[in-house]
Amino acid sequence: MADQHSAAAQMPQLVEGPFPLSTLRHSVAHLMASAVQNLFPGVRFGFGPSIEHGFYYDFDLPEPLTEKDLARIEKEMRRIAQHSPAIQMRTVTREEARKILAGQGQDFKVEAVDLIPEGEAITFYYHGPEGKEWGDLCEGPHLDSFKDHKFFFKLLSLAGAYWRGDEKNPMMQRIYGTAFWTQAELDAHLAWLEEVKRRDHRRLGSELDLFSTHPEAGAGFVFWHPNLGTVRRCLEELWWEQHEKNGYEPVYTPHVSRESLFAVSGHLENYADMMYAPMELDEMPYRVKPMNCPGHVLIYKDRGRSYRELPLRWAELGTVYRYERSGVVHGMLRVRGFTQDDAHIFCSADQLADEIAGVCRMVDFFMKTFGFEYTAYLATRPAEHTIGDADIWERATQALRDAADSIGLKLELDEGGGAFYGPKIDYKIKDALGREWQNSTIQCDFNLPQRFDMTFTNHEGKPERPIMVHRAILGSLERFVGVLTEHYGGRFPFWCAPHQVAVIPIREEHSAYAKTLVDRLRGQRYRVEAMLEAGHMNKKIKTAQKAQIPFMLIVGEREAQDGTVAVRPRGDGDQVVVPFEDFLSKIEILRRDRVAE
RNA sequence: GCUGCUGUAGCUCAGUGGUAGAGCACUUCCUUGGUAAGGAAGAGGUCAUGGGUUCAAGUCCCAUCAGCAGCUCCA
């Protein structure tokens, strides 16, 4: 409990400043730009807004910047701030703006002028020593002065970024930084960044022996080590348990199919650049599956279906392969082969709302189990390129709303954010570090039933088109477990921890008693790290602590005599000596109820 | 894919064109220790891979692979 709620893990609490924080940060971005201009005279400027945790500014420079330059720029910023008693706004006409910027060779800024809508004021903001003010095209607002306010900033990192975020445009150099009204807040933010780094699942992945990737296998392919394999097995057990309780049935589908299957499903025309190249078998092209849905449709179509068997709920932990561009693969969070916790529900239109509600309840159950807060978004019909009549879109969207209403789930609106084939509900979860992730999704699909000409016989004996619902709760196991690792900082709750209990005798002569504990625990299917070999108790404690094992049982003479154990929880908790039987009943509850620590 | 950076022992990292280094981890021996590092010794490297420059390359150059920070794109 202590660790993930420690001060460093929390987003800094912000104090009120004389101006909103975003204004400060935007102004500091200007300050940075003026410093860059002083140090690198030929610079051309892009955009420099404030963002969630700070600000950035994009520059076009002949030479690449290095980390060393950041310190120089910071220094120059402090100097300029001291000589900037006033920040002043000047309103100009569109023509004047163009002229000023063209005269300075600021081509990107000239383009920026054209982006300002007709009728809006065009303004410049100036700061710096009198007579040598530096000005930037900007809608503001800004501080009134740098010199008269106390503020604290730090430049953090360098990156490339396309002009106006379009990969067809030239690449600029971006400097990220952050700013606060107090040193304490800046320090807290930097500590938070450190904590994010410390909890990085790639780092924990190697520290805790969780997973690896290998150049020999190629980028974006994850190898699950025994420790993380154990976590995954626990999740899968929970997953199947919940799916059985909710009326889902397991299906398994092949990883490779004839290409023509994906032609019928439409993946080939819409998704080909994400799919692996075809392979020839018996002079016929085959493909590795990028999604599980076509396979489930084939099962549906294997025989006629009656309204009496609907809804059908079919679940599969299905591994899919997608080509991701080389620069985007990232640990377990963005990979080229992953396992979706997939399911498809085939139902009639009037069953839709109930089915959606059922899925929402499951999402809620899982997210509570893992301790994630979440927000749900209703994504409605996009403006163009959709399939299905307006009528069915309207009914399905209403079904999603009704479903949410029926279980008291509040939906934020994501207008026009639906897929081309139907409306959906997407979930964003918030982890222990306050970061957001998108995992769960519930999507109505009118497309595949039509493409595959799926039908069921309704009570009038007529063929009717089912609605297909795609849904994933965890998203992909790789991404989810990666997020979970960071969420817990490697301190997996007892029920899914790779090793649950470490047994540590104080002296070798206590090994016999320790061994009886190990045997009892193993007999009840606990995952026990038996540290019975000769060696120092302190070292074993340290090892167990570093491995984040939830409980250490430390036993010596007194414990052996009394049939007790000294329970040392990981982290800062107090050690207690309890009868071994008491310990057993305590952990039984932690396991059975999957208690989130 | 794009821009920039990086690749030395399992991990974290030094290494200035001239004999490959440290700490931790690991192995062995000694140590019997009541709650996060007892001591000693040992082993561990084709310096990512392939080419090039040089009398000489971990070090300089090129390519490839992989990783990192982002951008774009995504579960």
Side-chain angles (χ1 to χ4, degrees), chain A residues 46 56 58-61 63-67 69 156-176 197 200 202-203 206-209 212-221 271 273-274 290-292 318 320 322-342 426-427 437-441 443 470 472-480 482-483 504-511 534-547 552-559 566-572 574-575 577:
Chain A
Y56 67 79
D58 289 341
F59 306 104
D60 179 63
L61 290 159
E63 293 294 319
L65 292 165
T66 68
E67 297 283 337
D69 294 319
L156 296 171
S157 59
L158 292 163
Y162 299 107
W163 164 238
R164 296 180 59 196
D166 188 330
E167 65 181 321
K168 291 194 269 303
N169 286 340
M171 177 80 58
M172 306 183 78
Q173 299 189 59
R174 175 172 295 181
I175 302 178
Y176 284 95
K197 231 196 247 169
D200 189 305
R202 293 163 300 180
R203 176 178 173 155
S206 109
E207 279 176 14
L208 301 176
D209 197 9
S212 54
T213 57
H214 301 272
E216 296 91 323
F221 297 110
Y271 211 72
D273 53 343
M274 297 288 284
M291 291 190 191
N292 300 305
V320 297
R322 298 181 187 177
Y323 171 73
E324 294 284 357
R325 297 208 284 177
S326 64
V328 306
V329 296
H330 181 95
M332 303 187 78
L333 302 183
R334 190 77 182 271
V335 295
R336 286 175 167 172
F338 57 93
T339 301
Q340 291 183 307
D341 74 313
D342 213 351
D426 284 332
Y427 286 77
W437 307 90
Q438 211 243 283
N439 287 81
S440 314
T441 182
Q443 311 179 348
H470 310 251
I473 294 175
L474 310 179
S476 95
L477 290 178
E478 283 74 6
R479 177 175 286 185
F480 190 78
V483 169
I504 302 173
I506 287 172
R507 283 197 301 282
E508 212 170 349
E509 69 204 63
H510 308 128
S511 294
H536 286 272
M537 174 188 64
N538 279 353
K539 195 171 168 191
K540 293 175 185 173
I541 291 173
K542 185 183 167 197
T543 304
Q545 188 72 53
K546 285 182 91 171
M552 286 168 250
L553 301 185
I554 298 168
V555 293
E557 226 141 62
R558 298 200 290 270
E559 288 79 9
V567 183
R568 179 180 164 136
R570 63 183 162 189
D572 316 320
D574 287 335
Q575 173 176 283
V577 178

What contact category does A:V335 fall into here, base, sugar-phosphate, or nothing, at under 4.0 angstrom with non-hydrogen atoms?
base

Whole angstroms only, please: what is the CG-P distance between A:D273 and B:G1?
13 Å

Could you give the CG-to-P distance, from A:D60 to B:C71, as a whole number of Å?
18 Å

Looking at the base of B:C73, is there any donor atom on it, or on the side chain of A:R334, that sits under 3.5 Å from an acceptor on the other one?
yes

Working to the nearest 0.5 Å, report the span between NE2 of A:H536 and CD1 of A:I504.
14.0 Å

Could you let me know what B:C60 is paired to, Watson-Crick or G-U wobble, both distances under 3.5 Å, or none if it's on its own?
B:G52

Could you state the interatomic distance from CD (A:Q443) to CG (A:D426), rounded to the nearest 0.5 Å?
6.5 Å

Find the distance between CZ (A:R322) and CZ (A:F338) and round it off to the nearest 0.5 Å.
3.5 Å

Mind calculating the distance between CZ (A:R164) and P (B:C71) to the nearest angstrom?
18 Å

Could you tell me the separation between the CG atom of A:D166 and the C1' atom of B:C73, rounded to a whole number of Å?
12 Å

Would you tabulate the nitrogen or oxygen pairs shorter than 3.5 Å linking the protein to nucleotides 28-37 of chain B?
residue, atom, partner, partner atom, Å
B:U31, O2, A:H536, NE2, 2.7
B:U32, O4, A:E508, OE1, 2.9
B:G33, N7, A:I506, O, 3.1
B:G33, O6, A:E508, N, 2.9
B:G34, O6, A:E557, N, 3.2
B:G34, O6, A:R558, N, 3.4
B:G34, N1, A:E559, OE1, 2.9
B:G34, N1, A:E559, OE2, 3.3
B:G34, N2, A:E559, OE2, 2.7
B:U35, O3', A:R568, NH1, 3.4
B:U35, O2', A:R568, NH1, 2.7
B:U35, O2, A:R568, NH1, 3.3
B:U35, O2, A:Q575, OE1, 3.1
B:U35, N3, A:Q575, OE1, 2.3
B:U35, N3, A:Q575, NE2, 3.1
B:U35, O4, A:Q575, OE1, 3.4
B:U35, O4, A:Q575, NE2, 2.7
B:A37, N1, A:K542, NZ, 2.5
B:A37, N3, A:K542, NZ, 2.5

Write down the distance separating the P atoms in B:U16 and B:U27, rounded off to the nearest Å.
33 Å

In this structure, CG of A:L553 is separated from CD of A:Q575 (nearest 0.5 Å) by 10.0 Å

Can you tell me the pairing partner of B:A9 across any strand shown, Watson-Crick or G-U wobble, with both distances under 3.5 angstrom?
none

Rounded to the nearest angstrom, tell me the gap between atom CG in A:D426 and atom P in B:C74.
12 Å

Pick out the pairs of N or O atoms, protein on one side and nucleotides 67-70 of chain B on the other, that lie under 3.5 Å.
residue, atom, partner, partner atom, Å
B:C68, OP1, A:R202, NH1, 2.6
B:A69, OP1, A:R202, NH2, 2.9
B:A69, OP2, A:R202, NH1, 3.2
B:G70, O3', A:Y176, OH, 3.1
B:G70, O2', A:G160, O, 3.4
B:G70, N3, A:G160, O, 3.4

May I ask you to decide if A:R570's main-chain N or O and A:Q545's side chain share a donor-acceptor pair within less than 3.5 Å?
no

Starting at atom CZ of A:F59, determine the distance to atom P of B:G4, rounded to an integer number of angstrom.
17 Å

Between A:S206 and A:P215, which is nearer to the 5' end of RNA chain B once each is assigned its nearest nucleotide?
A:S206

Using purine N1 to pyrimidine N3 plus N6-O4 or O6-N4 for Watson-Crick, or N1-O2 and O6-N3 for G-U wobble, both under 3.5 Å, which nucleotide pairs with B:C26?
B:G42

Tell me if the side-chain of A:E207 makes a donor-acceptor pair with the base of B:A25, cut-off 3.5 Å, by modelled atom types.
no

Report the distance from atom NZ of A:K168 to atom P of B:C71, rounded to the nearest whole Å.
18 Å

Watson-Crick or G-U wobble partner for B:A75, using a 3.5 Å limit on both distances?
none

Value rounded to 0.5 Å, distance of CE in A:M332 from CZ in A:R202:
12.5 Å

Considering every strand and a 4.0 Å limit on heavy-atom distances, what is the contact class for A:Q438: base, sugar-phosphate, or nothing?
sugar-phosphate

A:D574 atom CG, neighbour heavy-atom count above 12 within 6.0 Å
no

Please determine, for B:U3, whether a Watson-Crick or G-U wobble partner exists with both distances under 3.5 Å, and give it or none.
B:A69

What is the distance from CG of A:N169 to P of B:C71, rounded to the nearest Å?
16 Å

Enumerate, atom names and distances included, each donor-acceptor pair closer than 3.5 Å involving a side-chain atom of residues 157-164 of chain A, sequence neighbours excluded.
residue, atom, partner, partner atom, Å
A:W163, NE1, A:E111, OE1, 3.2
A:W163, NE1, A:E111, OE2, 3.2
A:R164, NH1, A:E111, OE2, 3.2

Any N or O donor-acceptor pair linking the side chain of A:R325 to the base of B:C73 at under 3.5 Å?
no

To the nearest 0.5 Å, what is the distance between CE (A:M171) and CG (A:D60)?
12.0 Å

Checking all strands, does A:Y323 fall into the base, sugar-phosphate, or nothing category for heavy-atom contacts under 4.0 angstrom?
sugar-phosphate

Report the C-alpha separation of A:Q438 and A:T441 in whole Å, then their side-chain angles, then the decisive distance to 0.1 Å, and conclude whether the side-chain contact (heavy atoms from CB on, under 4.5 Å) test is met.
CA-CA 8 Å; A:Q438 211 243 283; A:T441 182; 4.2 Å; yes

